[in-house]
Amino acid sequence: QVQLVESGGGLVQPGDSLKLACAASGRTLSSRTMAWFRQPPGKEREFVAAIRWSGGSTNYGDSVKGRFTISRDYAKKTMYLEMNSLKPEDTAVYYCATKIGGYSGRYHDYEYWGQGTQVTVSS
């Protein structure tokens, strides 16, 4: 099993920045992809970004390209999501998740999930 714990959410104004963290524990991550998804109020969960734990290759959802950056600290077993130029439409619960193997943008491909952290962008 893999346990995931998100942190770093909060209330920010449009244009602000915020950095989320996802701490992982449990089984080795070397063969895994880690990802961020988000679920806006009343909407379905959507893909934000993913990173291959070994090698660090990344993928982004179209709505966050150029504004969000996913990264990981191999030694700390922690993944990050740096979010810049935040917009009200970025308001959502942000979840980290992990799956064996390569990238997927489909949430049902991911087997382990964190509890989520709320990000609210409002003036």
Side-chain angles (χ1 to χ4, degrees):
Q1 276 203 336
V2 178
Q3 292 79 42
L4 303 172
V5 179
E6 303 98 335
S7 61
L11 172 63
V12 296
Q13 294 188 339
D16 283 354
S17 298
L18 200 61
K19 189 172 184 176
L20 306 182
C22 173
S25 61
R27 301 179 72 174
T28 179
L29 302 177
S30 59
S31 59
R32 289 185 167 273
T33 290
M34 305 285 290
W36 290 98
F37 287 79
R38 67 185 182 185
Q39 189 160 15
K43 296 184 179 180
E44 290 193 352
R45 198 165 296 192
E46 64 177 1
F47 171 72
V48 176
I51 187 166
R52 193 65 194 265
W53 194 257
S54 294
S57 59
T58 59
N59 295 87
Y60 292 92
D62 289 341
S63 62
V64 306
K65 281 180 182 176
R67 298 188 299 125
F68 290 11
T69 303
I70 190 171
S71 62
R72 90 274 193 248
D73 186 316
Y74 204 90
K76 293 183 178 179
K77 294 180 72 173
T78 301
M79 175 178 67
Y80 302 97
L81 184 69
E82 185 160 6
M83 305 183 291
N84 297 315
S85 302
L86 282 162
K87 306 174 182 179
E89 51 264 44
D90 294 318
T91 295
V93 178
Y94 284 70
Y95 298 91
C96 65
T98 183
K99 65 180 293 290
I100 289 285
Y103 159 74
S104 170
R106 303 185 305 174
Y107 69 86
H108 51 78
D109 286 340
Y110 289 77
E111 58 188 313
Y112 296 111
W113 291 81
Q115 82 288 351
T117 186
Q118 176 70 46
V119 172
T120 303
V121 185
S122 175
S123 56

Does the side chain of [Y] come within less than 4.5 Å of [X]'s, by heavy atoms?
X	Y	result
Phe68	Leu86	yes
Thr69	Tyr80	no
Arg67	Met83	no
Leu18	Asp16	no
Thr91	Gln118	yes
Arg52	Tyr103	no
Ser31	Trp53	no

- Message: Could you check whether Lys87 pairs with Asp90 (Lys NZ or Arg NE/NH1/NH2 to Asp/Glu carboxylate O, under 4.0 Å)?
- Response: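 Salt bridge between Lys87 and Asp90, a charged N being under 4.0 Å from a carboxylate O: no.
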What distance do [X] atom [atom1] and [Y] atom [atom2] have between them, rounded to the nearest 0.5 Å?
X	Y	atom1	atom2	answer
Met79	Cys96	CE	SG	5.0 Å
Leu81	Lys19	CG	NZ	10.0 Å
Lys77	Thr28	NZ	OG1	6.5 Å

Nearest non-hydrogen partners of [X] and [Y], listed with the distance:
X	Y	value
Glu6	Tyr94	OE2-O, 4.0 Å
Thr33	Gly101	OG1-O, 2.6 Å
Ala21	Thr78	CB-CG2, 4.1 Å
Cys22	Met34	SG-CE, 4.4 Å
Gly116	Tyr95	CA-CD2, 3.6 Å
Leu29	Ala24	CD1-CB, 3.7 Å

- Task: Return yes if some donor-acceptor pair links the side-chain N/O of Ser54 with the main-chain N/O of Ser30 below 3.5 Å, else return no.
- Result: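 Yes; at least one donor-acceptor contact below 3.5 Å.
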- Item | Centroid-centroid under 6.0 Å between Tyr110 and Phe37 rings |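 Aromatic pair counts; centres sit under 6.0 Å.
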Scan the side chains in residues 40-50 for donor-acceptor partners under 3.5 Å anywhere in the protein, sequence neighbours excluded, and list what turns up.
from	atom 1	to	atom 2	distance (Å)
Arg45	NE	Gln39	OE1	3.4
Arg45	NH2	Gln39	OE1	3.3
Glu46	OE2	Arg38	NE	2.5
Glu46	OE2	Arg38	NH2	3.1

Could you see if [X] belongs to whatever hydrophobic cluster contains [Y]? Use Ile, Leu, Val, Met, Phe, Trp, Tyr and a side-chain cutoff under 4.5 Å.
X	Y	value
Leu20	Tyr74	yes
Tyr112	Trp36	yes
Ile70	Trp113	no

- Which residue pairs satisfy the salt bridge (Lys or Arg N to Asp or Glu O under 4.0 Å) criterion with at least one member in residues 107-123, sequence neighbours excluded?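 Of all non-adjacent pairs touching residues 107-123, those that pass salt bridge (Lys or Arg N to Asp or Glu O under 4.0 Å) are Arg32-Glu111, Arg106-Asp109.
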- Task: Report the residues that fulfil side chain to side chain contact (heavy atoms under 4.5 Å, CB included) with Ser123, sequence neighbours left out, ordered by chain and then residue number.
- Result: Pro14
- Message: Tell me if the CD atom of Gln115 is crowded by more than 12 foreign heavy atoms within 6.0 Å.
- Response: yes
